[in-house]
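A short worksheet on the structure shown next.
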Amino acid sequence: MRLPEPRGPLTTALRDDLLAGEVSAATVDLARRTAEAAVDPLTDEDLQLALAVCYELHYRGFDGVDDALEWDPDLIGLRACLERRHLAALRELTGPTPAGDEPVDQQLTALIAADDGPSLSRYMARSGTAEQWREYLTLRSVYHLKEADPHTFAIPRLSGRAKAAMVEIQADEYGGGSPERMHSELFAGMMRDLGLDAGYGALWDVAPAVAFTSVNTMSLFGLHRRWRGAALGHLACVEMTSSEPSRRYSSGLRRLGHDEHTTVFYDEHVEADAVHEQIASIDMCGSLVADDPSLAGDVLFGAACSLALDGLAAGHLLGAWEAGRSALRGEPALAA
């Protein structure tokens, strides 16, 4: 994957440093000042792309960038500056998420029921045009082309029933051993059917900041043992809230004339996530909190982040379309 085009002073300096093979003290200081000056960190193009670039070194890396930089102390220090501001902004967005006395699966259900964010799936089912679908898939490709990977980082940080439950869920995400059934591959196929370039990272340059904000949150939770509870809460919320929206997304694609060859990604989630819901909330999160009750608040925080960031992305897309403009930073690359 090539390094994305910079979006400001920080990503410009970071790109130059990565290609040079050394992170400078000036760039680390610039990251600190960028984080401190960010008015809205979760939609800040320079900050979110810089954080995504730092995390990507833990996934597939970049062309021309030394793999040894993955654990470079200066780069980790730079990332930590951005993470602190990102986390503070997440706290501001979600508000307090105190744990109650009820079983955590019931608290997750109540949290989801109370969510009043905009429903992007209803809009796409009823009104989404072909061009709006391409913009939506472009935004979501930042996550879905790596789908299960951010959450999978949390598996070695677990034990017992919680670990077994998470592995069961993730195994389905990876196609149960069949590469062509991996959810990331099914999403890529849908992108190609709608004429988009489905190459890993191919659409980063046109994806808005909110496309990275959600994935950065998952990466942060998965890569820090401190946030393992939030990682599980986030995953549980994804599994508990995706079945019915997936049905609507599938309906929207069929309305535009696509068949099961294209809708298979969403059709798969309608069935799989209906099963995963109980595994995620009871077996995974319930077991984690039973073993360590102090993690209940983190589980709820992770779930609240999932809901809030979905609302942030939906608001970005719907707001742009209502204003009669594109929600992207440019024209997405089309399939060859």
Side-chain angles (χ1 to χ4, degrees), residues 40 42-43 45 48 93-94 111-145 147 183 186-196 198 203 206-215 217-218 234 237-274 277 303-332 334:
D40 187 355
L42 301 180
T43 60
E45 298 284 350
Q48 288 300 326
L93 180 66
T94 63
L111 183 69
I112 292 167
D115 180 55
D116 59 357
S119 177
L120 183 61
S121 63
R122 285 192 174 91
Y123 177 86
M124 298 304 285
R126 299 169 182 171
S127 310
T129 66
E131 184 56 36
Q132 288 170 343
W133 265 98
R134 282 189 282 272
E135 291 196 4
Y136 166 67
L137 295 182
T138 295
L139 186 151
R140 293 298 288 171
S141 71
V142 175
Y143 163 53
H144 280 307
L145 290 181
E147 182 118 354
H183 289 182
L186 298 181
F187 189 86
M190 178 169 56
M191 291 178 67
R192 288 188 289 269
D193 286 352
L194 270 75
L196 293 170
L203 303 183
V206 297
V210 292
F212 299 97
T213 306
S214 179
V215 189
T217 299
M218 289 182 246
H234 190 288
C237 187
V238 169
E239 300 297 336
M240 295 171 73
T241 59
S242 67
S243 184
E244 187 55 38
S246 291
R247 193 185 308 276
R248 297 190 196 110
Y249 285 127
S250 180
S251 175
L253 287 169
R254 291 175 187 273
R255 176 177 56 80
L256 293 177
H258 297 284
D259 60 18
E260 63 274 6
H261 180 272
T262 303
T263 64
V264 61
F265 172 82
Y266 289 116
D267 297 340
E268 178 85 5
H269 282 76
V270 170
E271 298 181 11
D273 291 352
E277 178 177 350
C305 287
S306 176
L307 294 170
L309 294 179
D310 277 353
L312 192 69
H316 174 86
L317 289 166
L318 295 173
W321 297 338
E322 184 177 350
R325 56 180 172 80
S326 171
L328 304 181
R329 292 172 52 83
E331 291 296 323
L334 301 180

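For the single chain, residues carry numbers from 1 onward in sequence order.
Side-chain N or O atoms of Ser250 include none that pairs as donor or acceptor with a backbone N or O of Ser246 at under 3.5 Å. The backbone N or O of Gln132 sits less than 3.5 Å from a side-chain atom of Thr129, completing a donor-acceptor pair.
In terms of heavy atoms, Leu139 sits closest to Ala313 at CD2-CB, 4.3 Å. In plain terms, the two heavy atoms of Thr213 and Gln48 that are nearest each other are CA-OE1, 3.4 Å. The heavy-atom pair separating His258 from Asp193 by the smallest distance is CE1-O, 4.2 Å. Closest heavy-atom contact between Leu309 and Ser214: CD1-CA, 3.9 Å. Smallest separation of non-hydrogen atoms from Pro118 and Gly311: CG-O, 3.9 Å. Here the closest non-hydrogen pair linking Val210 and Thr43 is CG1-CG2, 4.0 Å.
For the atom pair CD (Glu277) and CE (Met240), the distance works out to 5.0 Å, reported to the nearest 0.5 Å. Residue Tyr249 holds its OH atom at 12.0 Å from CD of Glu244, rounded to the nearest 0.5 Å. A distance of 11.5 Å separates CE in Met124 from OG in Ser251, rounded to the nearest 0.5 Å. Taking CZ of Arg248 as the reference point, atom OH of Tyr266 lies at 13.0 Å (rounded to 0.5 Å). How far CG of Leu328 is from CD of Glu135: 4.0 Å, rounded to the nearest 0.5 Å. In this structure, the separation between CG on Leu317 and OH on Tyr136 is 8.5 Å, given to the nearest 0.5 Å.
By the 6.0 Å contact criterion, CZ on Arg254 is enclosed, its count of non-hydrogen atoms from other residues, nucleotides or ligands being greater than 12. Taking a 6.0 Å sphere around CZ of Arg255, one finds it holds more than 12 heavy atoms contributed by other residues, nucleotides or ligands.
In this structure, the side chains of His316 and Pro208 come closer than 4.5 Å at one or more pairs of heavy atoms. Side-chain atoms of Thr217 and Leu42, non-hydrogen and from C-beta on, never get closer than 4.5 Å to each other.
Between Phe265 and His144, a ring centre-to-centre spacing shorter than 6.0 Å is recorded. The distance between the ring centers of Phe187 and His183 does not fall below 6.0 angstrom.
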**Report entry** Test side chain to side chain contact (heavy atoms under 4.5 Å, CB included) applied to Ser141 and Met191, step by step
**Finding:** CA-CA 8 Å; Ser141 71; Met191 291 178 67; 3.8 Å; yes
Query raised in the report: Yes or no on side chain to side chain contact (heavy atoms under 4.5 Å, CB included) for Leu253 and Leu194, after CA distance, side-chain angles and deciding distance?
Result: CA-CA 10 Å; Leu253 287 169; Leu194 270 75; 4.2 Å; yes
